[in-house]
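Here's the structure we're looking at; comments come further down.
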Amino acid sequence: MSSVIAYAAPAEAAPLEKTVIERRALGPHDVLIDIAFAGICHSDIHTVRGDWGPQQYPLAPGHEITGTVAAVGSEVTRHGVGDRVGVGCLVNSCRECAPCLRGEEQYCARGAVGTYGAVDRDGSITQGGYSEQVVVTEDFVLRIPDALPLDAAAPLLCAGITTYSPLRHWNVGPGTRVAVVGLGGLGHMGVQIAHALGAEVTVLSQTLSKKDEGLRLGADRYLATGDRETFRELRGSFDVILNTVSAPIDLRAYLGLLDVNGTLVCVGAPPEPLALNTGSLIAGRRSIAGSNIGGIAETQEMLDFCAEHGITAQIEVIPASAINEAYERVLASDVRFRFVIDAATFAD
């Protein structure tokens with residue numbers, strides 16, 4: 001065991017504070033990572049505040065981790081000291097069930113192990129990337145291509161794969177008409193990836209306040225959903241709608257924007273159920289679906305794709321002392337588009 005400095009929530013709804021957490025001793029298949037950057041995800045806030053159920057505290061969040069390998073176990077073959085690496089939302093799974101065997105560890109039938117706040121196979125509670133170091137089994141450590149800066153690559157480990165996976169699963173490519181609902185931490189990645197895949201991309205946002213940024217990131221059109229004319233103008237216009245917002249939406253209105261056989265894919269998780277009129281599905285053989293991050297192989301594929309196409313998250317780097325302020329700004333939608341913590345400041 002080793003002690004490392006971290007920022008953790010000491011209790012539900014309490015501000016995060018500097019503390020010390022324990023990391024397990026390096027096992028034969030483990031990789032010790034010196035963390036360079038850790039992204040702040042909205043789900044970090046929900047989890048540490050108990051919005052998604054009770055937690056065991058203290059809890060250090062963070063599942064958008066980049067850094068370099070400091071040491072490896074005796075049987076590690078995939079990574080070496082000094083390698084640029086990352087860790088996303090998963091640090092373990094059973095690796096034996098059907099989803100795991102087909103490379104979809106996020107859907108592990110026995111329960112995938114999240115990077116923080118989860119019970120690992122040894123019974124310990126995982127602690128995340130708001131810390132100086134992390135120990136992860138080599139199978140869940142990703143290679144960060146040289147073309148990606150470590151700070152701007154961090155949010156790709158969650159926001160990037162959360163949008164890449166459904167776009168690939170629903171075969172988005174040249175000739176596909178895609179709408180991205182929301183231009184936040186997830187949406188700004190979805191626009192860039194859909195554009196790079198060759199799709200015609202439309203952003204649907206409440207207002208036009210981020211229009212210039214949306215067009216710069218690759219959108220072909222940017223329309224305001226606050227204007228009801230938008231829904232009349234775009235009726236039947238899309239093959240895929242990627243809903244990235246975690247707030248309630250009018251499903252009937254958005255399903256009406258799909259062409260026959262179109263799919264509305266939800267990757268944002270609103271706190272309350274959404275009302276669905278099945279007539280909106282039947283009328284155009286439309287579908288509504290969800291998608292949850294991606295497996296390890298697909299996440300590596302996403303990183304390589306982003307490196308090839310020059311795609312990174314748009315970030316604001318902050319010191320660890322500003323984490324609580326950043327949380328409040330995330331809740332107020334006051335960020336363009338992702339906060340990333342400089343791990344060198346954890347000891348300050």
Looking at CZ of R235 and CG of L255, how far apart are the two atoms once the value is rounded to the nearest 0.5 Å?
10.0 Å

Donor-acceptor contact present, side-chain K211 to main-chain L223, <3.5 Å
no

Indicate whether any N or O donor in one side chain lies under 3.5 Å from an N or O acceptor in the other, for D212 and Y222.
no

Answer yes or no: is there a side-chain heavy-atom contact under 4.5 Å between S237 and D259?
no

Let me confirm one number: the CD-CG distance from Q206 to D227, rounded to the nearest 0.5 Å.
13.0 Å

Are side-chain heavy atoms of T312 and P149 found at a separation under 4.5 Å?
yes

When clusters are formed by joining ILVMFWY residues with side-chain heavy atoms under 4.5 Å apart, either directly or through shared neighbours, do V245 and V335 land in the same one?
no

Hey, does the side chain of E298 reach the backbone of E104 with a donor-acceptor pair shorter than 3.5 angstrom?
no

Within the supplied structure, the quantity of interest is the number of heavy atoms (other residues, nucleotides, ligands) at a distance under 6.0 Å from E229 CD; does it exceed 12?
yes

With heavy-atom distances below 4.5 Å as the criterion, would you say the side chains of T176 and E200 are in contact?
no

Which of I161, L157, T299 passes side-chain contact (heavy atoms from CB on, under 4.5 Å) with I293? Answer is I161

So if I apply the side-chain hydrogen bond (donor to acceptor under 3.5 Å, both in side chains) rule between D120 and each of T126, T137, N92, which one comes out positive?
N92

Should I341 and V134 be counted in the same cluster of Ile, Leu, Val, Met, Phe, Trp and Tyr side chains packed under 4.5 Å apart?
no

Between P15 and P10, what is the shortest heavy-atom contact and its length?
O-CD, 3.2 Å

With clusters defined by side-chain heavy atoms of hydrophobic residues (ILVMFWY) lying less than 4.5 Å apart, directly or transitively, does F140 cluster with V113?
yes

Working note: L281 + L276, criterion side chain to side chain contact (heavy atoms under 4.5 Å, CB included); need CA distance, chi angles, decisive distance, verdict.
CA-CA 9 Å; L281 302 177; L276 174 63; 4.0 Å; yes

Counting distance only, does the side-chain N/O of R23 pair as donor-acceptor with the main-chain N or O of Q127 below 3.5 Å?
yes

Transitively linked via ILVMFWY side-chain contacts under 4.5 Å: V72 with I33?
yes

Going by an N to O cut-off under 4.0 Å, is there a salt bridge joining E64 and R338?
yes

Among D146, L142, V69, side-chain contact (heavy atoms from CB on, under 4.5 Å) partner for R84:
D146

Quick one: do I45 and Y7 end up in the same hydrophobic cluster if we chain Ile, Leu, Val, Met, Phe, Trp and Tyr together by side-chain heavy atoms under 4.5 Å apart?
yes

When rounded to the nearest 0.5 angstrom, what is the spacing between CH2 in W170 and OG in S165?
8.0 Å

Quick check for you: to the nearest 0.5 Å, what is the distance between E75 atom CD and D30 atom CG?
11.0 Å

Within a strict 4.5 Å, meaning less than it, do heavy atoms of the R329 and F339 side chains meet?
yes

How close do F37 and A343 get, heavy atom to heavy atom, and via which atoms?
N-CB, 4.2 Å

Closer than 3.5 angstrom, by distance alone: can the side chain of T163 be matched with the main-chain N or O of A159 as a donor-acceptor pair?
yes

Describe, in one word, how the ring planes of F337 and H188 are oriented to each other, choosing from parallel (under 30°), tilted (30 to 60°) and perpendicular (over 60°).
parallel

Is there side-chain contact between L26 and S74, with heavy atoms separated by less than 4.5 Å?
no

Geometric class of the H46/H42 ring pair [parallel <30°, tilted 30-60°, perpendicular >60°]:
parallel

Supply the atom-to-atom distance L150 CG to T66 OG1, rounded to the nearest 0.5 angstrom.
4.5 Å

Between the main-chain N or O of G295 and the side-chain N or O of Q106, is there a donor-acceptor pair closer than 3.5 Å?
yes

So, D122 versus S124: side-chain donor-acceptor pair below 3.5 Å or not?
yes

Determine whether a donor-acceptor pair (N or O, by modelled atom type, separation under 3.5 Å) exists between the side chain of Y164 and the backbone of M189.
no

Using only atom types and a distance under 3.5 Å, with no angle test, would you say the side chain of D220 pairs donor to acceptor with the backbone of V201?
yes

Of all the heavy-atom pairs spanning A112 and L90, show the shortest one and how long it is.
CB-CD2, 3.7 Å

When you compare the side chains of Q300 and D304, does any donor N or O come within less than 3.5 Å of an acceptor on the partner?
yes

Flag if over 12 foreign heavy atoms under 6.0 Å of CZ, R336:
yes

Residues I35, S131; criterion side chain to side chain contact (heavy atoms under 4.5 Å, CB included); working and verdict:
CA-CA 7 Å; I35 296 174; S131 59; 3.6 Å; yes

When you measure from the side chain of T230 to the backbone N and O of A224, does any donor-acceptor pair fall under 3.5 Å?
yes

Donor-acceptor pair, H63 side chain versus V87 backbone, under 3.5 Å?
no

Keeping D83 on the side-chain end and G80 on the backbone end, is there a donor-acceptor pair under 3.5 Å?
yes

In Å and rounded to the nearest 0.5 Å, what is the CG to OH distance from D44 to Y327?
4.5 Å

Check whether any side-chain heavy atom of L183 sits under 4.5 Å from a side-chain heavy atom of V191, and report yes or no.
yes

CZ (R95) with more than 12 external heavy atoms under 6.0 Å:
yes

Shortest non-hydrogen contact between V20 and S3, atoms and distance
CG1-CB, 3.5 Å

Before giving the answer on side chain to side chain contact (heavy atoms under 4.5 Å, CB included), spell out for V180 and L204 the whole-Å C-alpha distance, their side-chain angles and the decisive distance to 0.1 Å.
CA-CA 6 Å; V180 177; L204 301 175; over 6 Å; no

When you check the side-chain N and O atoms of S2 and R24, is any donor under 3.5 Å from an acceptor?
no

Check the side chains of Q133 and D34 for a donor-acceptor pair under 3.5 angstrom, ignoring hydrogens and angles.
yes

Passes side chain to side chain contact (heavy atoms under 4.5 Å, CB included), V31 versus V76? Steps please.
CA-CA 8 Å; V31 176; V76 170; 4.2 Å; yes

Heavy atoms of F231 and T225 approach each other most closely as CE1-O, 3.5 Å

Closest non-hydrogen contact found for P166 with V267 is CG-CG1, 4.0 Å

Contact between L258 and T263 at the side-chain level, heavy atoms closer than 4.5 Å - yes or no?
no

Does the side chain of R221 reach to within under 4.5 Å of the side chain of V203, using non-hydrogen atoms?
no

Pair R49, E328 - check salt bridge (Lys or Arg N to Asp or Glu O under 4.0 Å), show working.
CA-CA 12 Å; R49 295 188 175 185; E328 296 305 320; 2.9 Å; yes

